[in-house]
Amino acid sequence: MASNRMVFLGPPGAGKGTHAAWLAEDRGLQHISTGDMLRVAVKAGTEIGLAAKVYMDQGKLIPDDIMIDVLFADISDTGWILDGFPRTVAQAEALDKRLAEYAAELDGVVLFEVDRQTLIDRLMARMTCEACGAVYNRLHRKPLVEGVCDVCGGKLQQRVDDRPEAVTERLAVYDKQTRPLVEFYDRTSRLTRIDARGAIEDVRLAMEPLLP
Ligand code: AP5
């Protein structure tokens, strides 16, 4: 599967953002994280950001109509990795429809598979730079100086939705609303599964044969 238009699919904490970041930089692809886009909107206090915050803090999904508008305002014609979109069948159908309008199609979907306890452990230990959004982990990917971003010197903090109540809700929302996408993409032979339980470098090596 040599791909320029990819979707990274998987539960919260599976490593979608971690692997999308290096791959996009390495291959000159656009990394489109709907979670990051929404966090920027929340920080800027835009109308969408204010509406989204209520859902995000509780670990719920933003309504499809809002989300589809947010995504398609930013997507380019060149290669990209979608990280966190689609998350419902309605979003996946909207993406296929949009690509068909440009006589294009999705090259592949990578499903990151990780057991539940590992997801919870990773999310509880995640730290994010409040200035540039770089992602760290207290257990697996420590910054050089505790609490300080290696990239920009910003302060590291825990995401509001990485608190235990929100993590429980996000995992339940994934099972109910996003997991059906596995069958949706499997049906059309677009899905590749990755065992993403191992160390970041091992998962990266396992991904190499799939990549453009
Ligand atoms: P979003 O930001 O997309 O969150 P998510 O999908 O829940 O994914 P995460 O960012 O939690 O996990 P990830 O898989 O990217 O893991 P990461 O690489 O960071 O969405 C947030 C919210 O926005 C949603 O809840 C919703 O409200 C809203 N939203 C966004 N998109 C939406 C949409 N399309 N529709 C509706 N609502 C939407 O890794 C996690 C941690 O583990 C890090 O600390 C990392 O360093 C570490 N780690 C990663 N891989 C490994 C490894 N192999 N070994 C050890 N540690 C690892």
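These values consider heavy atoms only, across backbone and side chains, with no hydrogens, waters or symmetry-generated copies.
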Exceeds 12 heavy-atom contacts within 6.0 angstrom, atom CD of Gln58: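 Check passes, neighbour count above 12.
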
Can you name the salt bridge (Lys or Arg N to Asp or Glu O under 4.0 Å) partners of [X], sequence neighbours left out?
X      : result
Arg193 : Glu113, Asp186
Arg87  : none
Glu169 : Lys60
Glu101 : none

Donor + acceptor pair across side chains of Asp115, Thr118 (<3.5 Å): yes

Test side-chain hydrogen bond (donor to acceptor under 3.5 Å, both in side chains) applied to Asp161 - qualifying residues, sequence neighbours left out: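 If we apply the side-chain hydrogen bond (donor to acceptor under 3.5 Å, both in side chains) test to Asp161, skipping adjacent residues, the hits are Arg159.
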
Thr88: side-chain hydrogen bond (donor to acceptor under 3.5 Å, both in side chains) partners, not counting sequence neighbours: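 Partners of Thr88 by the side-chain hydrogen bond (donor to acceptor under 3.5 Å, both in side chains) criterion, ordered by chain and then number, come out as Asp64.
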
Does anything in [range] form a salt bridge (charged side-chain N to carboxylate O under 4.0 Å, His left out)? List the pairs, not counting sequence neighbours.
range            : answer
residues 33-45   : Asp36-Arg39
residues 196-205 : Asp195-Arg197
residues 123-145 : Arg126-Asp162

A side-chain contact here means heavy atoms from C-beta on lying under 4.5 Å apart; do [X] and [Y] qualify?
X      : Y      : result
Lys155 : Val148 : no
Leu156 : Cys149 : yes
Leu29  : Met6   : yes
Thr192 : Val109 : no
Leu181 : Leu9   : yes
Cys152 : Cys129 : yes
Asp83  : Thr34  : no

Lys/Arg N to Asp/Glu carboxylate O, Arg187 vs Glu183, below 4.0 Å: yes

Presence of salt bridge, Arg98 and Glu105, under 4.0 angstrom: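 Between Arg98 and Glu105 there is no salt bridge, as every charged N stays at least 4.0 Å from the carboxylate O atoms.
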
Sidechain-backbone polar pair: Arg5 side chain, Gly108 backbone, donor-acceptor under 3.5 Å: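 Flag not set: sc Arg5 to bb Gly108 has no pair under 3.5 Å.
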
With a 4.5 Å cut-off on side-chain heavy-atom distances among I, L, V, M, F, W and Y, is there a chain of contacts connecting [X] to [Y]?
X      : Y      : value
Leu71  : Val89  : yes
Tyr174 : Val7   : yes
Ile32  : Leu61  : no
Trp22  : Val110 : yes
Met207 : Val135 : no

Steps toward side-chain contact (heavy atoms from CB on, under 4.5 Å) verdict (Arg122, Leu139): CA-CA 8 Å; Arg122 286 183 189 173; Leu139 302 174; over 6 Å; no

side-chain contact (heavy atoms from CB on, under 4.5 Å) evaluation trace for Ile200 with Thr18: CA-CA 8 Å; Ile200 294 174; Thr18 298; 4.0 Å; yes

Nearest heavy-atom pair of [X] and [Y]: which atoms, and what distance?
X      : Y      : value
Trp80  : Leu99  : CZ2-CD2, 3.8 Å
Pro143 : Gly147 : CG-N, 4.1 Å
Pro12  : Arg170 : CB-NH2, 3.5 Å
His31  : Ala20  : NE2-CB, 3.4 Å

Find the distance between [atom1] ([X]) and [atom2] ([Y]) and round it off to the nearest 0.5 Å.
X      : Y      : atom1 : atom2 : value
Ser33  : Ile81  : OG    : CD1   : 11.5 Å
Leu111 : Leu191 : CG    : CG    : 5.0 Å
Phe72  : Met67  : CZ    : CE    : 10.0 Å
Asn4   : Leu106 : CG    : CG    : 11.5 Å

Worked verdict on Arg190 versus Asp107 for side-chain contact (heavy atoms from CB on, under 4.5 Å): CA-CA 7 Å; Arg190 289 183 283 181; Asp107 294 310; over 6 Å; no

Counterpart residues, side-chain contact (heavy atoms from CB on, under 4.5 Å), relative to Arg116 (two or more places apart): Ile120, Leu171, Asp175, Arg179

Gln91 and Ile68: CA distance, side-chain angles, deciding distance, side-chain contact (heavy atoms from CB on, under 4.5 Å) verdict: CA-CA 7 Å; Gln91 291 180 12; Ile68 288 166; 4.3 Å; yes

Donor-acceptor contacts, no H, no angles, side chain residues 45-56, under 3.5 Å, sequence neighbours left out:
| from | atom 1 | to | atom 2 | distance (Å) |
| --- | --- | --- | --- | --- |
| Thr46 | OG1 | Ala41 | O | 3.4 |
| Thr46 | OG1 | Gly49 | N | 3.0 |
| Lys53 | NZ | Asp57 | OD2 | 2.5 |

Ring pair (Phe, Tyr, Trp, His ring centres under 6.0 Å) contacts in which one or both residues fall within residues 110-165, not counting sequence neighbours: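 Only Phe8-Phe112, His19-Phe112 qualify under ring pair (Phe, Tyr, Trp, His ring centres under 6.0 Å).
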
